[in-house]
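Before any comments, here is the structure.
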Amino acid sequence: MNSMLNTEVDVKSLTFEMTKRLKVYLAKLVERKGSDLHIKSGATIKGRIFGEIVEISNDIISKEDSLILAKELLRNRFGELVKQKSVDFTFKLNDNYNFRANIFFQMDGVSCVFRTIPAKIPSVKSLRLPNVIYDFCSLNRGLVLVTGPTGSGKTTTLASMINEINHRRSKHIITIEDPIEFIFKDQKCIVNQRAIGQDALNFSDALRAALREDPDIILVGELRDMETIETAIHAAETGHLVLSTLHTMDAKETINRLVNMFPGNEQNRIKLSLASVLQGVLSQRLVKRVDRGRVAAVEILVRNARIESLILEGRENEIVDAIKDGKGTYKTQTFDQALFDLYRLGIIEKKEAYLNATNRNDLKLQIDMLEDSNGESSEFSIGIKKAVR
């Protein structure tokens, strides 16, 4: 086994038989509309289908075969895996599907995870995202964040926004990603995509460089550190539209995370900047649809005078109430309001709404009132029909 960990790979000696097997597993995943394929040495092949881990094949990959697969996929980058213990890259199955991949060492050998990325970039409409996203896509400056846990569709939402801008506006877009997932072709916009590792050393350096490259819109794959956050805020302050992601659960936590990344003596300055440049936060969770697919339930924060005051005064705990109250005026919505609308439209079941609710009792009260109202309407209609007869 140690000999197989030699960082040098003789590409000519590889048969790529393991890669052929991988493509079969990925094709099965796509056929079953799965989101992720898991290959672990010593285990059967599994995938995430509609949010659940299921078996894709009963084939068992040995430690030796998993290392061979890693060599076939990484080739000259295999030494990077040996040194860093994990590597991100993009794998192309065919003209319709790419995969964001990660290979890593674990106690039983090597594991791989492949996240499905359709080659066709989904539209805002096809994703059933709130219409306020079109407003964000029309902005000329500011900071818009898409947040949520891993696998909640943040990258897909951002891709749909870039796609919308690319087809409607004449701008220069620079994306900084790790790795590049959706590939954009120039439409009305010029789109330059840079991959960390391949085209840039890190997010903060690439973001600073982007400011000298005449951008209108900058997409930063993730705000990972204080330096990147500060540069992103500076870019937004100097007249650019910056789109990015954070692994936070909601708008309140997002603002707390951004502020708390800085030392105490810097936090008031960051609050002042955030109150000025933060245009919106989209926090999403994927929930199961009635038809077994998944749809994003999205909390929406839109900057307004009340939100600005809450950020400046450090009253983040009141943000949820501000979002709830602004639904009619500012197109904002809480998670529970989003879940209620999805249930009301028949997209998700009541059980799924309750399972994902922030405040289950409040949501239950809303749904009970809706059902009572619908029941009264139905009885009233039946009474009228009988009377007419």
Side-chain angles (χ1 to χ4, degrees), residues 50-52 124 127-133 135-136 145-149 151-154 157 246-257 280-311 313-385:
F50 303 130
E52 302 293 331
V124 172
L127 293 173
R128 294 182 178 271
L129 294 171
N131 287 334
V132 71
I133 287 185
D135 297 339
F136 292 143
L145 299 174
V146 180
T147 82
S152 61
K154 298 185 296 295
T157 294
L246 273 175
H247 290 284
T248 47
M249 293 299 295
D250 54 31
K252 180 186 76 173
E253 185 186 341
T254 298
I255 292 166
N256 278 330
R257 175 76 59 84
V281 179
L282 304 167
S283 301
Q284 55 189 59
R285 305 169 187 171
L286 290 183
V287 296
K288 293 179 182 178
R289 292 166 45 159
V290 172
D291 61 5
R292 295 187 71 240
R294 293 195 291 174
V295 64
V298 187
E299 179 183 89
I300 304 166
L301 176 147
V302 177
R303 188 181 65 133
N304 54 56
R306 183 177 175 185
I307 293 294
E308 286 183 41
S309 296
L310 294 178
I311 294 174
E313 297 168 16
R315 295 157 56 196
E316 289 87 358
N317 288 335
E318 298 176 40
I319 284 177
V320 174
D321 288 336
I323 292 173
K324 184 177 181 180
D325 295 343
K327 185 174 175 65
T329 306
Y330 300 108
K331 304 178 186 177
T332 60
Q333 65 182 26
T334 64
F335 273 120
D336 290 351
Q337 287 173 323
L339 291 167
F340 175 76
D341 286 341
L342 290 172
Y343 171 72
R344 179 176 56 82
L345 294 171
I347 297 171
I348 65 173
E349 294 180 350
K350 187 194 305 185
K351 179 182 177 182
E352 186 68 8
Y354 291 155
L355 186 64
N356 290 277
T358 300
N359 190 320
R360 179 172 176 171
N361 289 334
D362 284 355
L363 181 59
K364 185 177 185 304
L365 181 62
Q366 276 189 291
I367 290 177
D368 287 346
M369 289 174 64
L370 173 70
E371 292 178 341
D372 288 344
S373 174
N374 288 343
E376 289 175 6
S377 298
S378 298
E379 290 172 9
F380 182 68
S381 298
I382 292 169
I384 290 176
K385 290 177 181 178

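For reference, positions follow the sequence shown, starting with 1.
For the atom pair Thr147 OG1 and Arg285 CZ, the distance stands at 9.5 Å (nearest 0.5 Å). Remark: Asn359 CG to Phe335 CZ distance equals 14.0 Å, nearest 0.5 Å. The distance from atom CG of Leu339 to atom CD1 of Ile347, rounded to the nearest 0.5 Å, is 11.5 Å. Atom-to-atom distance recorded for Glu318:CD and Asp325:CG is 11.0 Å, nearest 0.5 angstrom. Between atom CD1 of residue Ile307 and atom CZ of residue Arg315 there is a gap of 10.5 Å, rounded to the nearest 0.5 Å. Distance check: Glu371 CD to Tyr343 OH gives 3.5 Å after rounding to the nearest 0.5 Å.
Taking both residues in full, the closest heavy atoms of Leu363 and Ala357 are given as CD2-CB, 3.7 Å, listed atom of the first, atom of the second, then distance. Of all the heavy atoms in Lys154 and Leu246, the pair that sits closest is CD-O, 3.8 Å. In plain terms, the two heavy atoms of Thr157 and Ile133 that are nearest each other are CG2-CD1, 4.3 Å. Minimum heavy-atom separation, Pro149 to Gln284: CD-O, 3.8 Å. Here the closest non-hydrogen pair linking Ile323 and Thr334 is CG2-N, 3.6 Å. Closest non-hydrogen pair, Ile367 versus Tyr354, comes out as CD1-CE2, 3.8 Å.
Between Asn304 and Thr329, every side-chain heavy-atom pair lies at or beyond the 4.5 Å cut-off.
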Go through Phe136 and Val132 one step at a time and tell me if the side chain to side chain contact (heavy atoms under 4.5 Å, CB included) criterion holds. CA-CA 7 Å; Phe136 292 143; Val132 71; 4.3 Å; yes

As a quick check of understanding, evaluate side chain to side chain contact (heavy atoms under 4.5 Å, CB included) for Asp341 and Lys327, giving each step before the final call. CA-CA 12 Å; Asp341 286 341; Lys327 185 174 175 65; 3.0 Å; yes

Walk me through whether Val302 and Asp135 qualify under side chain to side chain contact (heavy atoms under 4.5 Å, CB included). CA-CA 10 Å; Val302 177; Asp135 297 339; over 6 Å; no

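Counting only distance, with no hydrogens or angles, the side chain of Thr332 and the backbone of Gly326 share a donor-acceptor pair below 3.5 Å. In terms of modelled atom types and a separation under 3.5 Å, the side chain of Glu299 and the main chain of Ala251 share a donor-acceptor contact. Side-chain atoms of Ser283 do not come within 3.5 Å of backbone N or O of Gly148 as any donor-acceptor pair.
Residues meeting the salt bridge (Lys or Arg N to Asp or Glu O under 4.0 Å) test with Lys288, sequence neighbours left out: Glu52. For Arg360, there are no salt bridge (Lys or Arg N to Asp or Glu O under 4.0 Å) partners, not counting sequence neighbours. In this view, Glu253 and Thr248, Met249, Asp250, Arg257 satisfy the side-chain contact (heavy atoms from CB on, under 4.5 Å) rule, not counting sequence neighbours. Evaluation of the side-chain contact (heavy atoms from CB on, under 4.5 Å) rule for Asp321 yields Arg306 as partners, not counting sequence neighbours. The salt bridge (Lys or Arg N to Asp or Glu O under 4.0 Å) test applied to Arg289 returns Asp291, not counting sequence neighbours. Evaluation of the salt bridge (Lys or Arg N to Asp or Glu O under 4.0 Å) rule for Arg303 yields Glu308 as partners, not counting sequence neighbours.
Residue Lys364 qualifies as open at atom NZ: its count of foreign heavy atoms under 6.0 Å is 12 or below. In the displayed structure, Arg128 atom CZ is contacted under 6.0 Å by at most 12 heavy atoms of other residues, nucleotides or ligands.
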